[in-house]
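Here's the structure we're looking at; comments come further down.
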Amino acid sequence: NNVPVFTFAALLTWQLAHILRYGISTRSSVILGVLLGLGLLSKLYIAPLAGSIVLIVLLTRKQESWQQMGRYLALIGLGTVLVAGWWYIRNQLLYDDFTAAAYIEEVMGTEIERPWTIGEFWNFGTQTFGKTWAEGIGPVDPAWVRIASDITIWLLIIATIAVIHQRRT
């Protein structure tokens with residue numbers, strides 16, 4: 001399910017670039033909500049894109065009132081909840097865990113005996129998400145390479161958003 005989540009992330013990015021160029025509308029709000037919902041059905045780690053969506057939607061405000069911007073954000077949220085909310089509610093009711101991660105770990109025999117500490121969660125995250133596309137497995141070493149590449153990517157994303165927004169205004 002990595003391919004679907006990457007596909008939905010790419011489609012979300014395309015839709016956000018479109019919004020930066022042409023502005024937000026009811027239609028684009030619904031599309032964003034549906035795409036985010038589909039991404040959340042694929043993998044939960046697409047959730048941080050929600051913050052980017054809110055930021056970019058607010059950046060597109062020109063003549064729209066704050067009330068209208070709130071409506072657009074509500075439409076995005078509603079679309080997301082309608083598409084993916086049922087799955088997380090089901091997991092919560094069935095497994096008492098909205099991600100069902102504890103159940104999956106139990107079935108696979110990898111159940112952890114206690115909740116992770118922040119340090120353990122950080123180590124897992126950096127080892128899991130610090131993979132390169134070329135090697136496909138294993139963390140990138142040394143850690144400063146991973147940090148430098150992450151910072152570079154985020155700076156490029158921010159610069160791209162700024163340029164698109166500036167050209168639009």
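Starting from 1, each residue takes its place in the sequence as its number.
Under the 4.5 Å side-chain heavy-atom criterion for grouping Ile, Leu, Val, Met, Phe, Trp and Tyr, Leu12 is not connected to Val81 through any hydrophobic cluster. No continuous path of ILVMFWY side-chain contacts below 4.5 Å connects Trp14 to Leu55, so the two sit in separate hydrophobic clusters.
In this structure, the separation between CG on Leu93 and CH2 on Trp86 is 12.5 Å, given to the nearest 0.5 Å. The line from OH of Tyr72 to CD1 of Ile19 is 10.0 Å long, rounded to the nearest 0.5 Å. Atom CD of Glu64 is separated from atom CD1 of Ile24 by 8.5 Å, given to the nearest 0.5 angstrom. The distance from atom CG of Leu82 to atom CG of Leu78, rounded to the nearest 0.5 Å, is 4.5 Å. Expressed to the nearest 0.5 Å, how far CZ of Arg27 lies from CG of Leu32 amounts to 11.5 Å. Note: His18 NE2 to Leu20 CG = 10.5 Å, rounded to the nearest 0.5 Å.
Evaluation of the side chain to side chain contact (heavy atoms under 4.5 Å, CB included) rule for Trp87 yields Leu41, Arg90, Asn91 as partners, not counting sequence neighbours. The side chain to side chain contact (heavy atoms under 4.5 Å, CB included) check on Thr13 picks up nothing, with sequence neighbours excluded. In this view, Leu40 and Leu36, Leu44, Ile46, Ala47, Thr80, Ala84, Tyr88 satisfy the side chain to side chain contact (heavy atoms under 4.5 Å, CB included) rule, not counting sequence neighbours. Residues passing the side chain to side chain donor-acceptor pair (under 3.5 Å) test with Ser25, sequence neighbours excluded: Ser28. For the side chain to side chain donor-acceptor pair (under 3.5 Å) test, residues two or more places apart in sequence or in another chain that qualify with Gln92 are Asp96. Taking the side chain to side chain contact (heavy atoms under 4.5 Å, CB included) definition, one finds that Val30 meets it with Val34, Leu75, sequence neighbours left out.
Between Ser29 and Ile76 the shortest heavy-atom distance is O-CG1, 3.3 Å.
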Item to complete: List the steps, then state whether side chain to side chain contact (heavy atoms under 4.5 Å, CB included) holds for Thr7 with Leu38.
Response: CA-CA 10 Å; Thr7 302; Leu38 290 169; over 6 Å; no
Discussion item. Evaluate Leu35 against Ile31 for side chain to side chain contact (heavy atoms under 4.5 Å, CB included), listing each step before the verdict.
Written reply: CA-CA 6 Å; Leu35 289 173; Ile31 291 170; 3.7 Å; yes
